[in-house]
Amino acid sequence: MSYVNVRLRNPDIILIPITEDEKECLDEEDLYVLYKLPDSKQIQIGMLSPSMREYFPSTTNIWNLIYATSKAYFYNGGSELEAESSQITERPVYRVGPTDDRTVNEYTILNATDENNLSICLKDVIEGNYIVEKSSPSILRKTK
């Protein structure tokens with residue numbers, strides 16, 4: 001009998017940047033932190049889910065978070081956020097393709113148009129070049 005080695009593709013994650021206040025109000029099961037480590041160009045994907053930390057700690061990829069040189073928090077809204085993304089005009093909605101080792105392989109911005117100027121590089125959000133300000137509704141602003 002022979003076996004074929006099949007590699008399954010990691011599912012995409014639909015993420016939107018959030019403020020520190022929003023982070024405190026949202027369910028931790030749906031929160032992610034994207035971060036960069038010193039001397040690395042890769043963007044790490046960390047899951048803040050308490051149940052994932054308990055049962056699948058290596059999958060959460062947060063053990064190196066203490067060494068992060070930059071980070072930003074995101075809400076994983078899944079298919080619901082993806083469906084609503086065209087109506088969101090105050091901050092980008094990202095479709096992130098992860099690698100097996102929990103880094104960003106690729107991403108697209110689902111709601112970027114010429115009118116809303118949301119074509120913002122994911123790295124710029126993580127490095128703090130753009131942040132979500134506390135306001136109603138929250139808006140993204142350039143900091144550097």
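If you read the sequence from its start, that first residue is 1, and numbering goes on from there.
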| task | Could you tell me whether the side chain of Asn61 and the main chain of Arg102 form a donor-acceptor pair under 3.5 Å? | result | yes
| Can you check whether Pro57's main-chain N or O pairs, donor with acceptor, with Thr60's side chain at less than 3.5 Å? | yes
Indicate yes or no: at least one non-hydrogen side-chain atom of [X] is less than 4.5 angstrom from one of [Y].
X: Leu118; Y: Thr113; answer: no
X: Glu20; Y: Tyr73; answer: yes
X: Tyr35; Y: Leu37; answer: yes
X: Ile16; Y: Arg91; answer: yes
X: Ile45; Y: Val104; answer: yes
X: Val93; Y: Leu81; answer: yes

Gap between atom [atom2] of [Y] and atom [atom1] of [X] - 0.5 Å precision:
X: Glu115; Y: Asn117; atom1: CD; atom2: CG; value: 9.0 Å
X: Asp100; Y: Asn105; atom1: CG; atom2: CG; value: 9.5 Å
X: Glu28; Y: Met52; atom1: CD; atom2: CE; value: 14.0 Å
X: Asp101; Y: Thr59; atom1: CG; atom2: OG1; value: 12.0 Å

Donor + acceptor pair across side chains of [X], [Y] (<3.5 Å):
X: Ser51; Y: Glu29; value: yes
X: Asn111; Y: Asn116; value: no
X: Glu127; Y: Ser70; value: no
X: Asp21; Y: Thr19; value: no

| query | Heavy-atom count around Lys23 NZ within 6.0 Å, excluding the residue itself: above 12? | reply | yes
| request: May I have the step-by-step check of side chain to side chain contact (heavy atoms under 4.5 Å, CB included) for Met47 and Ile62, ending in yes or no? | output: CA-CA 7 Å; Met47 301 170 69; Ile62 58 171; 5.8 Å; no
| remark: Those residues at least two apart in sequence (or on a different chain) that pass side-chain contact (heavy atoms from CB on, under 4.5 Å) with Glu82 are Ile14, Arg95, Leu110
| said: Can you list everything that forms a side-chain contact (heavy atoms from CB on, under 4.5 Å) with Asp124? Sequence neighbours excluded, please. | reply: Ile120, Cys121, Asn129, Tyr130
| field | Distance flag, aromatic centroids of Tyr107 and Tyr94, threshold under 6.0 Å | value | yes
Side-chain heavy atoms under 4.5 angstrom apart, residues restricted to Ile, Leu, Val, Met, Phe, Trp, Tyr: same cluster for [X] and [Y]?
X: Leu31; Y: Val125; value: no
X: Leu34; Y: Ile18; value: no
X: Leu48; Y: Phe56; value: no
X: Ile126; Y: Ile13; value: yes
X: Tyr32; Y: Leu65; value: no

| Of all heavy-atom pairs between Gly128 and Ile131, which one has the smallest distance, and what is that distance? | O-CG2, 4.0 Å
| query | Which atom names give the shortest non-hydrogen contact between Pro17 and Pro92, and what distance separates them? | reply | CD-O, 3.2 Å
| message | For Gln44 and Asn64: C-alpha separation, side-chain torsions, deciding distance, then whether side chain to side chain contact (heavy atoms under 4.5 Å, CB included) applies. | response | CA-CA 9 Å; Gln44 302 289 319; Asn64 283 323; 6.0 Å; no
| task | Please test Phe74 against Val33 for side chain to side chain contact (heavy atoms under 4.5 Å, CB included), starting from the C-alpha separation and ending with a verdict. | result | CA-CA 6 Å; Phe74 293 81; Val33 58; over 6 Å; no
